> 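There's a structure below that I have some questions on.
All values below come from the heavy atoms of this structure, side chains included, with hydrogens, waters and symmetry mates left out. The structure presented is a predicted model; accordingly, all values stated were derived computationally and were not measured.
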Amino acid sequence: KTWVAAALARGLRIRGLTVAARKPAQSFAADDPHPSDADVLGLATGEEPGTICPPHRSYALAMAPPMAADALGFSPFTIADLADETVWPSGVDVGLVEGAGGPRSPLASDGDTVDLARSLAPDTIVLVGDAGLGTINSVRLASTSLREVAPVVVLLNRFAATDDLHRRNRAWLAREHDVEVDVHNLVDRFAPQRP
């Protein structure tokens, strides 16, 4: 999800749009040498990681954020708290919000990413799924609740046109979903190139 969001942000900025990203809560392994999701999104948007994910919502324990907060002794937080903290600077053309885990993974003590999406009322939801084995089930389960909130575009990540399974998964999902296999096509959706 983070790679796709960052690539989308970079592509939109190249097209001249002002982009901001928000990761309302994140968790990670304390000994992980890789940058956090907020760090990656910050590099893509030019924002400070602490603006993307408030430091008090960043938990150094690899569990769903409300579980990590509880295990680390932090106070519980709600979807309303996360929605209130999702603030955009003026002049933003596109705002990207990345959840944690999957759409139904706990994001706060009283809800998940679907609940946050309801609170934020997005124009479009991008559901990132793996292109390989199991993606049809995962996408269908995840998209059921998301489609009640906003139109859903499925991005099959790491799609290889030479892989028969990937091609078949795409064709099957396209029967009932709006499917993309390249983040550049997402950029075109949000910022069409001018002739």
> Heavy atoms, side chains only, cut-off 4.5 Å: are Phe159 and Asn169 in contact?
no
> Per the ring-ring contact (aromatic ring centres under 6.0 Å, His included) rule, what does the pair list look like for residues 110-156, sequence neighbours excluded?
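Qualifying pairs: none.
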> Pair Arg22, Cys53 - check side-chain contact (heavy atoms from CB on, under 4.5 Å), show working.
CA-CA 6 Å; Arg22 297 293 178 264; Cys53 181; over 6 Å; no
> State whether the side chain of Ser36 and the backbone N or O of Asp39 hold a donor-acceptor pair below 3.5 Å, judged by distance alone.
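Yes.
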> Is the charged tip of Arg175 near the ring of Trp172: under 6.0 Å from the six-membered ring centre and within 45° of its axis?
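Positive - Arg175 is close enough to the ring of Trp172 and near enough to its axis.
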> Could you walk me through whether Arg168 and Asp164 pass salt bridge (charged side-chain N to carboxylate O under 4.0 Å, His left out), step by step?
CA-CA 6 Å; Arg168 290 176 184 272; Asp164 186 49; 2.8 Å; yes
> Can you find a heavy atom in the side chain of Val126 that is under 4.5 Å from one in the side chain of Val128?
yes
> Treating Arg13 as the side-chain partner and Thr45 as the backbone partner, does any N or O pair qualify as donor plus acceptor under 3.5 Å?
yes
> Is atom CG of Asp32 surrounded by more than 12 heavy atoms (other residues, nucleotides or ligands) closer than 6.0 Å?
yes
> Roughly how far, to the nearest 0.5 Å, is CG of Asp37 from CD1 of Ile52?
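If I round to the nearest 0.5 Å, the distance is 10.0 Å.
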> Can you see which heavy atom on Ala29 is nearest to which on Ala62, and at what distance?
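Ala29 and Ala62 have their closest heavy atoms at N-CB, 3.9 Å.
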> I'd like to check Leu120 versus Val149 (side-chain heavy atoms, cut-off strictly below 4.5 Å). Are they in contact?
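No. Closest side-chain heavy atoms not under 4.5 Å.
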> Can you name the closest pair of heavy atoms from Pro65 and Ala25 and give their distance?
CB-CB, 3.8 Å
> Provide the closest heavy-atom pair for Ala64 versus Ser105 in the form atom of the first, atom of the second, distance.
CB-OG, 4.0 Å
> Heavy-atom distance under 4.5 Å between the side chains of Val181 and Arg158, does that happen here?
no
> Same cluster or not: are Val94 and Val183 linked, directly or through other Ile, Leu, Val, Met, Phe, Trp or Tyr residues, by side-chain heavy atoms under 4.5 angstrom apart?
yes
> Could you grab the distance from atom CE of Met67 to atom OG of Ser109, nearest 0.5 Å is fine?
13.0 Å
> Test of understanding: with ring pair (Phe, Tyr, Trp, His ring centres under 6.0 Å), list the residues that count as partners of Phe77, not counting sequence neighbours.
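By the ring pair (Phe, Tyr, Trp, His ring centres under 6.0 Å) rule, Phe77 matches Tyr59.
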> How about Val153 and Ile125: do any of their side-chain heavy atoms sit closer than 4.5 Å?
no
> Can you confirm whether the side chains of Thr113 and Arg104 place a donor and an acceptor under 3.5 Å from each other?
no
> For residues Pro103 and Asp112, determine if any side-chain heavy atom of one lies less than 4.5 Å from a side-chain heavy atom of the other.
no
> Please round to the nearest 0.5 Å and tell me the distance separating atom OG1 of Thr135 and atom CZ of Arg170.
13.0 Å
> Can you see which heavy atom on Leu12 is nearest to which on Val187, and at what distance?
CD2-O, 3.9 Å
> Assigning hydrophobic clusters by single linkage (Ile, Leu, Val, Met, Phe, Trp, Tyr; side-chain heavy-atom cutoff under 4.5 Å), is Val154 placed with Val114?
yes
> Is Leu8 linked to Val19 within one hydrophobic cluster, defined over Ile, Leu, Val, Met, Phe, Trp and Tyr using a side-chain heavy-atom separation of less than 4.5 Å?
yes
> Using a cut-off of 6.0 Å, state whether more than 12 heavy atoms not belonging to Arg189 lie near its atom CZ.
yes
> Carefully, step by step, assess Leu155 and Leu127 under the rule side-chain contact (heavy atoms from CB on, under 4.5 Å).
CA-CA 6 Å; Leu155 186 285; Leu127 174 61; over 6 Å; no
> Once you round to the nearest 0.5 Å, how far does CG of Leu72 lie from CE of Met63?
8.0 Å
> Provide the closest heavy-atom pair for Pro89 versus Ala20 in the form atom of the first, atom of the second, distance.
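Smallest heavy-atom distance, with atoms named: CD-CB, 4.2 Å.
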> Output, in order, the C-alpha distance, side-chain angles, deciding distance and verdict of salt bridge (charged side-chain N to carboxylate O under 4.0 Å, His left out) for Arg147 and Asp178.
CA-CA 11 Å; Arg147 288 169 132 177; Asp178 188 356; over 6 Å; no
> Evaluate the side-chain hydrogen bond (donor to acceptor under 3.5 Å, both in side chains) criterion for residues Glu180 and Asn185: first the C-alpha distance (whole Å), next the side-chain angles of each, then the deciding distance (0.1 Å), finally the verdict.
CA-CA 7 Å; Glu180 293 289 357; Asn185 295 340; 3.1 Å; yes
> Do Val4 and Val97 belong to the same hydrophobic cluster, where Ile, Leu, Val, Met, Phe, Trp and Tyr are linked whenever their side-chain heavy atoms lie under 4.5 Å apart, directly or via other members?
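Shared cluster, no.
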> Taking side chain as C-beta onward, heavy atoms only, is Leu156 less than 4.5 Å from Asp130?
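Contact flag for Leu156/Asp130 side chains = no.
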> Sub-3.5 Å donor-acceptor pair from the side chain of Arg15 to the main-chain atoms of Ala191, do we have one?
yes
> Do any pairs count as a side-chain hydrogen bond (donor to acceptor under 3.5 Å, both in side chains) and have a residue in residues 86-99, sequence neighbours left out, and if so which ones?
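Residue pairs with at least one partner in residues 86-99: Thr2-Glu98, Lys23-Glu98.
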> Please report the interatomic distance CG(Asn157) to CG(Asp182), rounded to the nearest 0.5 Å.
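Asn157 atom CG to Asp182 atom CG measures 10.5 Å (nearest 0.5 Å).
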> Membership question, hydrophobic clusters at under 4.5 Å side-chain separation (ILVMFWY): are Leu17 and Leu41 in the same one?
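No, Leu41 does not connect to Leu17 through the hydrophobic network.
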> Got a sec: does the CZ of Arg140 have more than 12 other heavy atoms crowding it under 6.0 Å?
no
> Does any N or O in the side chain of Thr51 come within less than 3.5 Å of the main-chain N or O of Glu47, such that one atom is a donor and the other an acceptor?
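Looks like no, no N/O pair under 3.5 Å.
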> Taking all heavy atoms of Ala38 and all of Pro49, pick out the closest pair and write down the distance.
CB-O, 3.7 Å
